[in-house]
Amino acid sequence: MKLPSSIRNWISITGAVLAVFNLASILSLFLLNAAFGFGGQYIGLFIYMVLPAFMIVGLIMIPIGMRIYRKKARQAEKEGRQLNWPILDFNNLATRNAATIFIVGTVFLLIISSVGSYEAFHITESVEFCGKLCHQVMEPEYTTYHGSSHERVACVECHVGSGASWYVKSKLSGMYQVYSVMAKKYPQPIPTPIANLRPARETCEECHWPEKFYDNKMRVKHSFLTDEENTERIIQLQVKTSTKVTPQGIVKGIHQHISPEVKIEYKALDEKRQIIPWVKYTNSKTGEEYIFTDDENMVSEAKLDSLETRVMDCLDCHNRPSHNYNAPQNFIDQAMAEGKIPTDLPAIKLAAMTALYQDYPDKDSAMFAIKTQVNEWFEGGYPDVFESKKTEIEQAIAAIQEGYSNNIFPYMKVSWKEYPNNIGHMESDGCYRCHNDRHATTESKVISKDCSLCHNIIAQGTADSLQYSTAFEALEFQHPVDIDEAWKTEQCSLCHSALY
């Protein structure tokens, strides 16, 4: 095949060599990675991003050189001259020196560029890059991340995962996010990217093994009433994490939802997947199959057909694994249980809740209001306490302010209200999205709301009158405040989304 005469120039030749060299490198690395796993998951950065960039530069140089050559050729033709191929005479010292400088410089540039790209890759993958570069926008996520059980797991391990394709997607998305921050186009609050999250089997299950046996978990919760004595209530739960075989038969646990033998599908009416009108249960081992519909959220067949059918996975319950925004009653209860807020301050729980269940325009206003309102609470209602326990009051104020700073972010309009946690059923419906005694089959089989499906109450009551269960029978829940039997029929969130 005869090449055009315009290729006879150093720019085009250099570009062709650069393009061919990088193409060969891409193919070699691809084959080594596919056959022997060479380079691990990060080699994709070079195969799909770094080397192609150099190859494209080389390809662009070819037509640029040809265009320059044609211009010179026309000028030479007018002058009666002819342009020939560049002459490489390595007997000439100047040619040898130039070739050596070019080859060494090119190799050096490739190495430096590759190392720089790799270091840039690590910087963009770091937690600090994700959380601090856009500090004001990402402050809620960065703060709650450092208070989570996944604090030692880098952001990208969950939000990107392994593999070059998801890396490229994340960087393309990141470019738009940078633009959004610079142009102040970001939403407040930022919606959870539910539809764009990578499947849990490709992220969560890299560490968490669904088939592994998980023993039952013991959970002790301390809560305080909003009376003058800050009465402490204790409840100890045995959470039934796994399905297991006992002498009494098979006891189904919470993780049966993602058992290899069980497939649970559902359709949601809203983007946050909080309203679920349709659930399908399939057991591949027994052949059982049931479809449950919610009689309070009935939709037409046409509407159901238009909704996405999602297979339930880890994130349908564990939807706030690293960025959980606690409700005020929860972080205040924890601070009181840990002694950060003195419980001998009269009605300090109510004082804290009164200050926290208000909206503030910014964090500085919130800090000032919390301090002012708590001081006024004791100065006006308990003047003796205000004079005698100034240190304890200041300690309580600092703990309330800390709880607010770690869970509520006025600038981004972020709080537990915007990001409900599906684990549990207190401040949001959570488990009760499906387990509400309303989802039923045509044969009247229901998804039960029975508390004992997920946990047994081992102990409950106040510290001085704690009631314990027997070895074989769990306790029935006793609501701290007398609301008759309403707790059995109503959703907890009906009250607890606004009360404490």
Side-chain angles (χ1 to χ4, degrees), residues 1-70 85-88 90 95-126 129 154-176 178 196 198-199 201-203 205-206:
M1 182 176 65
K2 186 177 180 181
L3 295 174
S5 60
S6 56
I7 199 72
R8 301 170 184 174
N9 66 86
W10 281 114
I11 297 176
S12 295
I13 293 171
T14 303
V17 170
L18 190 62
V20 171
F21 173 79
N22 282 282
L23 177 61
S25 300
I26 291 169
L27 294 174
S28 300
L29 289 175
F30 179 82
L31 292 173
L32 286 171
N33 180 256
F36 307 107
F38 173 78
Q41 61 187 21
Y42 296 130
I43 196 66
L45 173 68
F46 293 94
I47 296 174
Y48 298 108
M49 297 196 72
V50 176
L51 295 177
F54 284 108
M55 185 177 71
I56 291 170
V57 169
L59 292 173
I60 292 173
M61 289 173 66
I62 295 173
I64 291 175
M66 293 173 69
R67 182 175 177 83
I68 293 172
Y69 178 89
R70 289 194 186 102
W85 283 91
I87 299 173
L88 288 177
F90 284 99
T95 301
R96 291 201 304 272
N97 289 340
T100 302
I101 292 171
F102 173 76
I103 294 170
V104 173
T106 301
V107 172
F108 179 75
L109 178 63
L110 285 173
I111 293 173
I112 292 299
S113 300
S114 299
V115 171
S117 300
Y118 193 64
E119 289 302 317
F121 162 77
H122 276 294
I123 291 172
T124 59
E125 297 284 279
S126 69
F129 180 86
C155 307
V156 294
E157 294 295 326
C158 295
H159 288 278
V160 181
S162 61
S165 61
W166 279 91
Y167 175 81
V168 173
K169 289 179 185 177
S170 72
K171 295 311 170 190
L172 292 175
S173 173
M175 291 172 63
Y176 176 75
V178 170
N196 300 323
R198 197 165 183 178
R201 64 181 176 274
E202 298 177 13
T203 52
E205 292 181 20
E206 291 292 311

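Because only heavy atoms are used, hydrogens play no part in the values below, and waters and symmetry mates are left out as well, while side chains stay in.
- Nearest heavy atoms, A19 versus L59: CB-CD2, 3.8 Å.
- Shown here are the side chain to side chain donor-acceptor pair (under 3.5 Å) partners of E206, two or more places apart in sequence or in another chain: there are none.
- Between the R198 side chain and the C158 main chain, no donor and acceptor come within less than 3.5 Å of each other.
- Applying the side-chain contact (heavy atoms from CB on, under 4.5 Å) rule to V57 yields the partners L18, M61; only residues at least two apart in sequence or on another chain are considered.
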